[in-house]
Amino acid sequence: MKVIVYFGHHKVGSTALQAYLARNALALLEHGILYPAAESEGLSHLLAQALGRQDRPALGCMNVREPHNALAFRMLAGKTGRKTPPWHGPLPGLAAMLTTLRHQVEVLQPRTVILCSEVFANFGAGHEDLIAKLHGLFPAAEWELYCALRRPDEYMASWFGQRLRFGHQLEPLSSPGSGQTGSIHFNYRRMVEPWVREFEGCPLHLRNYSDILAAGGSVQDFTAQAGCAFPKGLPAEGPSNKGLPRAAYEIIRRANCELPPEQAQALRDFFLTAPGSLSPVRSSDVELFGAERRQQLADAFAPIHGYLSQLTGRPAFFPGLDEMRSPRPVPEAEATAQLLAKLDPAALPAPELSRFISSLQRDL
């Protein structure tokens with residue numbers, strides 16, 4: 001049996017890949033490929049599909065679509081003492097979740113098992129023992145690793161937006177202390193190297209996100225790269241995470257810091273559901289770091305990039321990395337001002353939000 005582990009990164013199309021695996025779980029299983037559930041809710045939905053009680057997989061259920069995120073969060077919670085995220089609901093203990101995985105393998109006898117979680121990326125942050133625990137699940141299996149990495153400035157901008165979505169109170173990306181340069185969200189060597197050590201000698205697909213997009217997206221790249229024959233013609237469409245427009249980042253950042261949580265959430269929902277035409281500046285044109293901060297980040301990333309290039313045997317893992325030093329054409333303050341000028345405070349879903357936007361229009 002082969003086990004293929006997708007261990008990240010965040011913000012590189014993992015949601016679309018997980019949706020593909022969950023949507024086609026039964027069809028894949030018929031071809032000997034198991035995308036295992038990690039707890040009873042996922043198993044119940046899979047049984048309902050097998051019996052024809054569900055017309056289609058319940059992709060809105062996080063434990064159906066992203067079962068191994070639930071597993072990864074439970075593994076981290078057991079070590080750090082933190083709670084598992086509420087969107088996975090009450091989860092069983094780790095021993096029960098691991099037993100659930102083993103029982104599916106023992107009963108279903110798949111040729112290939114796919115464990116797919118961007119949260120596995122966090123195991124590189126000082127949790128190598130969790131990587132070893134995962135490896136120990138099936139000691140007689142062959143193992144294969146897949147990891148997608150995005151150019152760090154683009155990744156940090158996208159991850160910053162994700163954190164804003166979750167209501168985090170953050171400093172602007174232009175602030176010297178905002179880069180998290182020691183974390184797995186910038187130091188990709190710290191993220192990747194523990195996996196390479198634990199799975200020494202196993203095939204590793206370390207993929208540049210731009211190459212993934214060129215291949216057609218995360219589903220197309222994963223199914224082409226992984227050492228597994230996927231059946232043809234399975235549906236691969238979405239869902240994917242919709243991000244906040246970068247012109248709205250500063251508005252949301254201030255809302256998270258200044259408004260009550262429920263009001264900040266309502267404002268985030270407003271921007272997430274607004275048409276793309278709302279923002280007068282394309283997200284890819286908004287400069288979030290500033291020229292000086294970009295130079296600092298590029299200098300700090302140089303040795304990390306050297307490691308990735310050596311690991312993959314490429315002259316440059318991120319070709320054209322010097323573009324990281326070049327600011328985007330529209331400074332964030334200007335993009336924010338243009339968006340605010342376009343907003344009608346009266347169109348906001350609550351009077352408190354209308355007053356908040358009016359105050360930003362005056363201040364900014």
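Side chains included, hydrogens not; waters and symmetry mates left out as well; all remaining heavy atoms used. Just so you know, these numbers come straight off a predicted model, no measurement behind them.
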Inter-residue atom distance R207.CZ - L213.CG, 0.5 Å rounding: 11.0 Å
- request: Answer with yes or no after comparing the ring centroid distance for Y6 and F120 against a 6.0 Å cut-off, counting only values under it.
  value: no
E154 bridged to R246 by N-O distance under 4.0 Å: yes
query: Rounded to the nearest 0.5 Å, how far apart are CZ of F123 and CD1 of I131?
result: 7.5 Å
task: Using the test side-chain contact (heavy atoms from CB on, under 4.5 Å), find all partners of A70 that sit at least two apart in sequence or belong to another chain.
output: N63, H88, L91, M97
field: Short side-chain to backbone donor-acceptor contact, Y188 and H9, under 3.5 Å
entry: no
- request: Could you check if a side-chain atom of V113 sits within less than 4.5 angstrom of a side-chain atom of P36, using non-hydrogen atoms only?
  value: yes
message: Angle between ring planes, H135 versus W143, binned at 30° and 60°: parallel, tilted or perpendicular?
response: perpendicular
field: Point-to-point distance, once rounded to the nearest 0.5 Å, from CD1 of I357 to OG of S359
entry: 7.5 Å
query: Looking at CE of M62 and CD of Q18, how far apart are the two atoms once the value is rounded to the nearest 0.5 Å?
result: 8.0 Å
message: Distance check, rounded to the nearest 0.5 Å: F318 atom CZ versus L308 atom CG?
response: 6.5 Å
field: Inter-residue atom distance L170.CG - C257.SG, 0.5 Å rounding
entry: 7.0 Å
message: Determine whether a donor-acceptor pair (N or O, by modelled atom type, separation under 3.5 Å) exists between the side chain of N256 and the backbone of H168.
response: yes
task: Scan for salt bridge (charged side-chain N to carboxylate O under 4.0 Å, His left out) pairs involving residues 69-97, sequence neighbours excluded, and state none if there are none.
output: K79-D129
- prompt: Backbone N or O of H10 within a donor-acceptor pair of the S14 side chain at under 3.5 Å?
  reply: no
